Structures are given as structure tokens and as C-alpha cells.
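To start, the structure under review is shown below, and the notes come after it.
Being a predicted model, the structure only gives us computed values, none of them experimental.
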Amino acid sequence: VSSTTPGAFFALDLGEACPPTPVPPAQSLQFLTQCQHKDCMHYTRFSHANYTKKKVFYSISDICNQTGTVLPDVPMKPTDEDWCGHCGRVASVKDYGKGNIGGIYPGYGDKIFKPVENVDVCVGHKTVPFTLISHDPRNFSRFRKNWNKAGSKLKYDAGIMDANTFEHRIGRSPSVRTLLGMIPTMETQYMPTTGNLYWEEHACAGYLRRPPRAPKKRPHYANETSGM
């Protein structure tokens, strides 16, 4: 199930952003996502059309009952598809917690482990130290000009970037699957700090007007790297 979008909405390609002033026309505004960062506030066109595009999800119980749950059709994993098209940071807090148990839709991801009384035994707790490496949008050709432009109000704060990356990639109750999936296969100094974005890989111009081309090689989350 997807929302009907007016012709004016197609003025922006997927992943492209427009400034907050002048405010986009009302018929387009409802389908654009405004950046959460106060020094940006640009509107970006995402494939989920500001979370109005829907998809039916099925859990095991849904299948048994022959029912489903209609939820926003957004990327289920944290990727650069969630980045603001102007500043290159996570645009909306709605995309935080994708690494949590159950993901952003509780009940449709990894289940919370519930020990069975008199069967399962807790053998203790383990603290695992880790290093979080956030992407720097100023390193990407698509965003660099916006950060370096004369009079730009964008301000880079490494601490805020790390906080955003943590909420986006890990969340407050990460699953073991999420943590294991972020262990790098290379030493930190060799981890890439830039790369092609999703929309660049998919030739975003006219994306919805013709079938997308499959990318030759997905950029492997290198755009928002993190390691343990």
C-alpha cells in the first residue's frame, strides 16, 4: 500500500534536499522529511515519502491467523538511505533504534530472550569495550560543498555525530545479531571513511519513473562505519 504523490513531489530526486525557506508547497511538504539538526533543517525526499508509504509485515502469529500489520515501508537496517540529502547526517529520529531487539517495529525482528525458570542459568555478565567510528559527511563529495560553502550554517560536532551514530546503528537494546554484524574484518586504520551513497549507486535521477538498476557493488555500510 503506498500513498499517492502529486506531480510537484517529483521536482526532487530521491535523496535530494531543498532548503527550509521558502517552505515547499503543501502538496509536496507532506511527503518530505525535514532534517532534525537545527543548523540544517532541509527537506529530503526519501523513498518512504515521509513515512507515508506503507507495507504489510507478517510475524509468525500473523501467518497463523492469516493477518498482517501495516507499517511504514522504510529500510529495516540503518544505512545511508536515512541521511539528510543536504548535511549527510541522520535526518529523522524515527530511524533511530534500528539495531534494537525487534528493530523499529517491535515483534518483527529479533526476539527478546526470556529465560525459562529452573532450566536456564545465568552464568554472569560480560562488559565488552568498543570503539565507535562515525562517518564524517564532510568527506563525501555529495555533501562537502554544502559544508564548505560560504555562509553555511552547518557546524560539525564529533560528539553529536557519535551520539547520532550510536542511536542509529546500535540503539539502547541492541541484539547480538546487530553487535556481531558490526565487528570489522579489517584494522581500524584501513576502514574506509567515504564511498558511494545508496542513491548514487542506484542512479537516483528518475528513480521512480523507471525500474532501478541493481548496483554492481553495495558500499558495505562503509559510509557509516563502526567497530567493536
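In this structure, L32 and T44 have side chains that are not in contact, with every pair of non-hydrogen atoms separated by 4.5 Å or more. Here the side chains of L71 and K54 are not in contact, with every heavy-atom distance at 4.5 Å or above. Two residues are said to be in side-chain contact when any heavy atoms from C-beta on lie closer than 4.5 Å; Y96 and R172 fail this criterion. Side-chain atoms of L197 and W83, non-hydrogen and from C-beta on, do get closer than 4.5 Å to each other. In this structure the side chain of P78 reaches within 4.5 angstrom of the side chain of R169, judged on heavy atoms. Here the side chains of N139 and W147 are not in contact, with every heavy-atom distance at 4.5 Å or above.
Separating the CD atom in Q30 from the CG atom in N50 is a distance of 9.0 Å, to the nearest 0.5 Å. Between atom NE2 of residue H168 and atom OG of residue S92 there is a gap of 9.5 Å, rounded to the nearest 0.5 Å. To the nearest 0.5 angstrom, D95 atom CG is 11.5 Å from N164 atom CG. Between the CD atom in E81 and the CZ atom in F46 there is a gap of 9.5 Å [rounded to 0.5 Å]. With rounding to the nearest 0.5 angstrom, the CG atom of L179 is 6.5 Å from the CD1 atom of I170.
Looking at every heavy atom in both residues, P137 comes nearest to M161 through CD-CE, 4.0 Å. Between P20 and Y43, the shortest heavy-atom distance links the atoms CA-CE1, 3.8 Å. Between H48 and T33 the shortest heavy-atom distance is CE1-OG1, 3.6 Å.
The salt bridge (Lys or Arg N to Asp or Glu O under 4.0 Å) test applied to R144 returns no partner, not counting sequence neighbours. Checked against side chain to side chain donor-acceptor pair (under 3.5 Å), D162 has the following partners two or more places apart in sequence or in another chain: S134. The side chain to side chain donor-acceptor pair (under 3.5 Å) test applied to E117 returns no partner, not counting sequence neighbours. Under the rule for a salt bridge (Lys or Arg N to Asp or Glu O under 4.0 Å), E16 has no partner lying at least two apart in sequence or in another chain. Applying the ring pair (Phe, Tyr, Trp, His ring centres under 6.0 Å) test to H86 and every residue at least two apart in sequence or in another chain returns H42.
Applying the salt bridge (charged side-chain N to carboxylate O under 4.0 Å, His left out) test to residues at least two apart or on different chains, the pairs with a partner in residues 25-41 are D39-R89.
No cation-pi contact links R138 to F143, judged by a cut-off of 6.0 Å to the six-membered ring centre and 45° from its axis.
Open room surrounds NZ on K153; 12 or fewer heavy atoms of other groups in view lie less than 6.0 Å from it.
Taken together through direct or relayed side-chain contacts under 4.5 Å among Ile, Leu, Val, Met, Phe, Trp and Tyr, L154 and F140 form part of one hydrophobic cluster. Clustering ILVMFWY residues whenever any of their side-chain heavy atoms sit less than 4.5 angstrom apart, transitively, puts L132 in a cluster other than the one holding I160. Under a hydrophobic-cluster definition in which Ile, Leu, Val, Met, Phe, Trp and Tyr are linked whenever side-chain heavy atoms come within less than 4.5 Å, directly or via other members, V93 and M41 are assigned to different clusters.
With H37 contributing its side chain and K155 its backbone, the two residues share no donor-acceptor pair below 3.5 Å. Here the side chain of K98 pairs a donor or acceptor atom with the backbone of P75 at under 3.5 angstrom.
Of the candidates P24, S28, C18, L12 forms a side-chain contact (heavy atoms from CB on, under 4.5 Å) with just one, namely C18.
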Check against side-chain contact (heavy atoms from CB on, under 4.5 Å), D136 and T193: CA-CA 7 Å; D136 186 340; T193 58; over 6 Å; no
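Checking D73 against Y51 by side-chain atom types alone, no donor-acceptor pair falls below 3.5 Å.
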